Amino acid sequence: RLEQYGRNELPEKIEPKWLLFLKQFWAPMPIMIWIAIIIEIGIQNFIDMGILLAIQFLNASISFYESNKAGNAIAALKNSLKPTATCK
């Protein structure tokens with residue numbers, strides 16, 4: 001039966017780290033910051049634009065770090081819990 005159907009497991013979808021980092025720029029708050037950056041470019045206020053860009057990248061970096069740390073904790077927990085069952 002194992003050879004015919006395989007293991008009773010759900011497939012894991014693992015995304016590359018760079019894609020997880022890029023996803024940090026696509027959420028409601030980062031989109032509002034991108035809009036503010038575009039407005040600052042439009043009014044040629046480049047100092048504020050630079051500050052907003054720095055905030056955007058700092059926010060994405062911190063979010064990526066926290067998400068990565070949480071994912072590593074879940075993976076470690078999953079590896080430590082090996083469910084087994086005996087069938088009669």
Side-chain angles (χ1 to χ4, degrees):
R1 182 171 165 100
L2 182 61
E3 292 174 8
Q4 184 179 3
Y5 296 108
R7 296 178 58 88
N8 187 17
E9 295 179 339
L10 294 173
E12 289 188 40
K13 182 181 176 187
I14 299 174
E15 294 181 338
K17 301 277 186 191
W18 62 269
L19 184 59
L20 292 174
F21 180 73
L22 288 180
K23 283 185 176 182
Q24 302 303 321
F25 294 105
W26 190 255
M29 187 62 175
I31 289 174
M32 291 191 314
I33 295 175
W34 284 122
I35 292 170
I37 290 170
I38 292 169
I39 291 171
E40 294 299 331
I41 290 171
I43 61 174
Q44 296 182 354
N45 191 351
F46 299 114
I47 294 173
D48 287 347
M49 179 205 67
I51 292 169
L52 288 172
L53 275 173
I55 290 170
Q56 185 77 307
F57 282 99
L58 182 65
N59 183 32
S61 299
I62 291 171
S63 296
F64 172 74
Y65 173 75
E66 291 296 324
S67 297
N68 192 33
K69 195 166 91 172
N72 291 342
I74 290 173
L77 180 62
K78 186 177 179 182
N79 286 335
S80 70
L81 300 175
K82 295 288 183 185
T84 57
T86 44
C87 298
K88 295 181 181 183

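Keep in mind the model is a prediction, meaning the values are calculated, not measured.
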Test item: F64 and E66 side chains (from C-beta on) under 4.5 Å apart, heavy atoms: no
Residue L77 excluded, over 12 heavy atoms near CG under 6.0 Å: yes
I31 with I39, same ILVMFWY side-chain cluster at under 4.5 Å: yes
M29-I62 co-clustered via ILVMFWY side chain contacts under 4.5 Å: no
Q44, CD atom: more than 12 neighbouring heavy atoms under 6.0 Å: no
Inter-residue atom distance M32.CE - Q56.CD, 0.5 Å rounding: 10.5 Å
Flag side-chain contact, heavy atom, 4.5 Å: Q24 against S67: yes
Joint cluster assignment, F57 & I55, ILVMFWY side-chain distance < 4.5 Å: yes
L52 side, atom CG; N59 side, atom CG - distance, nearest 0.5 Å: 12.0 Å
Inter-residue atom distance L19.CG - K17.NZ, 0.5 Å rounding: 12.0 Å
Hydrophobic cluster identity match, I47 and M49, side-chain contacts under 4.5 Å: yes
Nearest-0.5 Å distance, CD1 of residue I51 to CG of residue N45: 8.5 Å
Minimum heavy-atom distance between F25 and P30, given as atom pair plus value: O-CB, 3.6 Å
Sub-4.5 Å side-chain heavy-atom contact between W34 and L53: yes
Spatial distance of atom CG (L58) from atom OG (S63) [nearest 0.5 Å]: 9.0 Å
